[in-house]
There are 2 protein chains.
Amino acid sequence: MTSYGNGNGRGNERGKGDGNVGGVNLPALRGHNAALVLDLLRSAGEAGISRLELAERTGLTPQAVSKITARLRAEGLAAEAGRRASTGGKPRTVLRLVPEAGHAVGLHLDRDALTAVLVDLTGAVVAERRAPLAFAEGADAVVDAAAGAVRGLLGAGPRGMVPPGVGVALPGPLDHARGVLRRVTGFPAWDGFPLRDALAARLGLPVAVDKDTNAAALGMALAGAAESFAYLHLGTGLGAGLVLGGSLHRGARTGAGEFGHQVLRLDGPPCACGDRGCVEALCLAAVAAGDLAEAARVLGTAAGNLVGLLDIDRVLLGGRTVFAAGDLFVRGVGAVVAERVRRGGGAEVSVAPAPGGERAVAEGAAQLILAPLFGRAPQPFGTLGD
Amino acid sequence: MTSYGNGNGRGNERGKGDGNVGGVNLPALRGHNAALVLDLLRSAGEAGISRLELAERTGLTPQAVSKITARLRAEGLAAEAGRRASTGGKPRTVLRLVPEAGHAVGLHLDRDALTAVLVDLTGAVVAERRAPLAFAEGADAVVDAAAGAVRGLLGAGPRGMVPPGVGVALPGPLDHARGVLRRVTGFPAWDGFPLRDALAARLGLPVAVDKDTNAAALGMALAGAAESFAYLHLGTGLGAGLVLGGSLHRGARTGAGEFGHQVLRLDGPPCACGDRGCVEALCLAAVAAGDLAEAARVLGTAAGNLVGLLDIDRVLLGGRTVFAAGDLFVRGVGAVVAERVRRGGGAEVSVAPAPGGERAVAEGAAQLILAPLFGRAPQPFGTLGD
DNA sequence: TGCACTTTGGCAACACCGTTGCTTAAGTGG
DNA sequence: CCACTTAAGCAACGGTGTTGCCAAAGTGCA
């Protein structure tokens with residue numbers, strides 16, 4: 001695959017916090033429109049999409065789309081793939097993303113295990129590695145293990161393939177912009193560890209770091225889950241990833257999605273966080289007591305709060321505790337949310353199990369690298385019109 | 001004032017829901033950069049800003065800024081206003097927004113009163129009207145009153161001034177995109193009333209409609225309140241307006257900001273909405289009981305939930321109940337939020353009274369019209385870089 | 001089979017965007 | 001008074017999407 005990124009690299013490189021507000025020059029414009037087309041090709045999947053459909057969807061003229069797709073084909077990112085049936089004239093030529101044109105590695109670091117995946121440009125998993133992990137052994141040991149997994153994975157990929165980067169997802173508060181960990185509960189040694197730079201130096205590849213729930217939500221967003229949704233993860237803790245209007249909401253300090261310590265029962269039982277009546281405490285207490293229906297009701301009420309506050313379309317449930325209980329959580333949460341939406345008179349909100357299963361976080365981590373190519377991550381431009 | 005909007009009007013007009021994802025052509029690019037410069041001029045206020053500062057802030061070259069500002073000056077939107085002190089060479093020429101180059105009307109319809117303001121391009125109030133109102137008298141009567149207020153206001157403005165539009169803010173769920181009311185609590189006759197089109201037809205002016213809390217939050221965002229903040233309004237009810245990453249978050253159905261019916265005490269006392277333990281019920285009950293400290297604690301806990309979930313920088317408190325209690329709410333909410341942020345290890349979150357007082361909603365409503373000129377409302381483009 | 005018609009998509013010329021290179025304007029400081 | 005510095009405009013340029021036109025590749029009717 002050839003050069004990604006903003007055209008020839010002129011213009012609009014931006015330092016952090018220098019107050020640049022986003023002036024757009026021609027190379028940036030070209031990059032944006034190309035990313036847009038690439039994203040439409042991606043979401044069209046194997047079915048493909050024709051030049052004229054691209055023109056309709058983007059609002060550009062067919063001729064502009066022809067130029068853009070010609071460049072993408074020259075770069076090897078897109079290819080023609082058959083034709084549609086004629087509707088009385090020349091049949092439309094179908095274009096498709098070339099999956100092998102690019103790859104990325106997604107790394108999911110959890111307290112006790114590591115999952116690494118190699119995905120192609122469409123996000124499909126090409127190879128996978130799992131290994132035990134121990135946060136307790138300290139940062140160096142974990143970086144070692146991660147680097148080893150990535151190297152192994154790259155060996156499994158196509159010959160000569162150079163992935164554009166490695167996306168890493170892990171629990172706990174961290175700084176996505178700088179790639180620095182803030183606190184990993186129970187492992188104070190990790191505090192302030194510059195994971196991104198450490199891993200990037202070790203691998204010689206660009207690295208992006210994000211919270212596990214954010215990565216999972218990003219992956220689901222790119223898989224077309226919904227325009228706006230929340231991914232709720234119930235495992236050893238309770239967290240959330242928020243996608244609002246098509247893009248991941250991290251907040252200024254990557255702190256968004258702190259869902260578990262929402263106070264749901266004012267002056268309720270104490271939580272490990274020091275507050276009282278947090279959803280996480282209530283929900284996990286119910287799970288521990290074997291009352292899964294109550295756990296689902298608690299989670300559903302908190303989800304209802306979130307749905308009402310943000311006006312989202314969908315709630316996706318994941319995490320070991322959820323998957324272990326079959327559809328009990330989905331139905332329980334769904335019932336509470338539906339009741340609330342009914343009272344509020346809003347449109348229906350679907351509650352569903354999160355797609356991707358246990359691998360969702362690692363796949364989402366890979367999308368930390370791929371998403372920018374499709375104009376989806378720091379959203380080089382927003383949506384026009386309206 | 002001359003033509004606003006996207007350059008010559010070619011390209012990228014976008015129907016609703018046609019799936020247009022935001023392709024950008026040259027006129028749109030020009031419009032975006034012009035809006036960006038205009039926004040910087042606006043936020044610079046009377047102090048003004050030089051061409052080179054504009055270039056630094058936008059990331060464009062000085063020459064591009066010169067061209068853009070030349071066009072803005074030719075259109076009468078900007079003007080030179082003195083020079084800065086020299087730093088060893090030619091002193092910078094200061095540019096300023098011309099306030100009289102454009103106006104907008106903001107209309108705040110409340111259950112019992114109407115507030116209308118005429119603002120200039122900087123958002124400063126030029127004229128104001130207040131009148132009693134009765135939602136109970138039905139839609140036609142309210143439209144009559146609103147149209148009368150707007151006409152009166154336009155008479156008070158500069159001679160020959162034609163405002164580009166009227167922004168209307170009112171309580172209750174509604175559809176911002178279509179300008180249709182959904183439910184006005186206690187006034188079923190309003191259900192489904194197409195307020196935007198009715199008022200636009202009556203006035204012969206474009207009209208935009210939004211929730212009162214959204215309008216207020218938009219106004220504060222443009223006034224530079226913060227990148228991300230929540231405006232909490234405690235009056236006869238409890239609502240919120242959310243600004244995330246510089247732009248107003250409405251949700252797909254203008255339903256975001258449903259803050260009052262967040263469940264804060266699971267299985268708590270029943271609320272009028274049919275649920276139990278809603279913040280609004282708890283908070284207003286405490287107010288009714290004269291226990292304002294408890295009301296502030298309840299509100300603070302709910303605000304803390306919101307701060308944690310969205311990772312916002314600031315909480316602004318407004319509404320009659322808040323203003324009536326002096327700084328009691330600000331301090332009470334501030335204490336709870338600060339404690340929570342301290343535990344979470346996040347950056348400090350400021351809690352402050354909302355600026356603008358009782359007129360904030362009407363001023364924000366006017367910004368529904370002005371904000372698009374500065375690229376701030378449906379954010380024609382997002383932020384580049386990073 | 002042939003021909004009119006429809007639809008797709010490329011080629012060439014074009015208008016216009018921001019950029020580059022250079023010049024002029026307007027100050028400071030020795 | 002003059003060298004130096006900084007700001008801002010003019011002219012030429014590369015490259016964007018657009019427009020006008022034409023070739024390609026089908027359908028459908030005579």
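Below, chain A is the first sequence line, B the second, and so on; all start at residue 1.
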Touch class at under 4.0 angstrom, heavy-atom based, for A/R71 against every strand present: sugar-phosphate

Atom [atom1] of [X] to atom [atom2] of [N]: distance rounded to whole Å?
X     : N      : atom1 : atom2 : value
B/L29 : D/dG15 : CG    : C1'   : 12 Å
A/R30 : D/dG14 : CZ    : C1'   : 12 Å
B/L26 : C/dT19 : CG    : C1'   : 14 Å
B/L54 : D/dA7  : CG    : P     : 13 Å

Considering just the side-chain nitrogens and oxygens of [X], establish if one lies under 4.0 Å of OP1 or OP2 belonging to [N].
X     : N      : answer
A/T61 : D/dT18 : yes
B/R83 : C/dG27 : yes
B/N25 : D/dT18 : yes
B/N33 : C/dC17 : no

Selected nucleotide, minimal atom distance to B/L60 side chain, candidates C/dG18, D/dG17, D/dT18: C/dG18

With sequence neighbours excluded, residues passing salt bridge (Lys or Arg N to Asp or Glu O under 4.0 Å) with B/R71: none

Member of A/Q63, A/E56, A/E80 meeting the side chain to side chain donor-acceptor pair (under 3.5 Å) criterion with A/R51: A/E80

Side-chain heavy-atom pair A/L26, B/L26 within 4.5 angstrom cut-off: yes

Close side-chain approach of B/V24 and B/H32, heavy atoms under 4.5 Å: no

Enumerate all atom pairs, one protein N or O and one N or O from nucleotides 8-14 of chain C, separated by less than 3.5 Å.
residue	atom	partner	partner atom	Å
C/dT8	OP1	A/R92	NE	2.5
C/dT8	OP1	A/R92	NH2	2.7
C/dT8	O4'	A/K90	O	3.4
C/dG9	OP1	A/T93	N	2.6
C/dG9	OP1	A/T93	OG1	2.9
C/dG10	OP1	A/R51	NH2	3.3
C/dG10	OP2	A/S66	OG	2.5
C/dG10	N7	A/Q63	OE1	3.0
C/dC11	N4	A/Q63	OE1	2.9
C/dC11	N4	A/Q63	NE2	3.2

Atom CZ of A/R84: over 12 foreign heavy atoms under 6.0 Å: yes

Whether A/D313 side chain and A/F229 backbone form a donor-acceptor pair below 3.5 Å: no

